[in-house]
Amino acid sequence: MRINFTFRHLEPSDGIKAYATEKIGRLQKFLRAPLTAEVIVGTERHLHQVDISVVCEGQRYAGTEESEDMYASIDMVLDKIDRQVRSKKDAATAKMRHAAESVHLGKRDA
């Protein structure tokens with residue numbers, strides 16, 4: 001797992017890096033291959049913006065959030081990415097099940 005951090009209008013923080021790394025690491029249980037993530041953290045006026053892009057096996061999952069709390073922004077954007085990963089995985093599982101059922105039905109008819 002490789003994670004690149006970019007801080008805009010904000011001093012780099014080990015706490016934010018550790019928190020985001022821990023949360024992104026939880027995605028690894030759904031994605032078998034090693035993942036690469038790009039995390040952009042910044043502030044604009046009083047809002048904390050987080051933009052995360054995750055690439056794994058040629059698939060890209062991304063999200064952007066902003067709120068008044070940096071950690072809440074990280075949580076919200078990772079919830080979005082988690083939904084994207086689960087949706088993609090559920091679609092792949094349904095496709096495999098459908099293919100297996102049609103093969104099984106085809107053999108029964110023959």
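No experiment lies behind these values; they were computed from the predicted model shown.
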Over all heavy atoms of both residues, which pair between [X] and [Y] is shortest? Give the atoms and the distance, please.
X   : Y   : value
P34 : M1  : CB-N, 4.5 Å
Y71 : G15 : OH-C, 3.8 Å
L10 : F7  : O-CB, 3.5 Å

| request: With the side chain counted from C-beta on, respond yes when I52 and Y61 share a heavy-atom pair under 4.5 Å apart, and no when they do not. | output: no
| Flag side-chain contact, heavy atom, 4.5 Å: I16 against V39 | no
| field | Atom pair CG (L27) and CG (L35), whose distance is rounded to the nearest 0.5 Å | value | 7.0 Å
| query | Does Q59 have any side chain to side chain donor-acceptor pair (under 3.5 Å) partners at least two apart in sequence or in another chain, and if so, which? | reply | K88
| said: Looking at D14, I'd like to know if its CG atom is crowded, meaning that more than 12 non-hydrogen atoms belonging to other residues, nucleotides or ligands lie closer than 6.0 Å. | reply: no
Side-chain polar contacts of residues 72-85 - donor-acceptor pairs under 3.5 angstrom, sequence neighbours left out - could you list them?
unit_1	atom_1	unit_2	atom_2	d
S73	OG	H48	O	3.0
S73	OG	S67	N	3.2
S73	OG	S67	OG	2.8
S73	OG	D69	O	3.1
D75	OD1	Y19	OH	2.6
D75	OD2	Y19	OH	2.9
K80	NZ	T64	O	3.1
K80	NZ	E65	OE2	2.8
D82	OD1	R86	NE	3.3
D82	OD2	R86	NE	3.0
Q84	OE1	A62	N	3.1
Q84	NE2	A62	O	2.8

| query | Any chain of hydrophobic side-chain contacts (each under 4.5 Å) joining L31 to V55? | reply | no
| field | E22 side chain vs K17 backbone, donor-acceptor pair below 3.5 Å | value | no
Which donor-acceptor pairs under 3.5 Å do the side chains of residues 40-47 make with protein atoms, sequence neighbours left out?
unit_1	atom_1	unit_2	atom_2	d
T43	OG1	H9	O	2.9

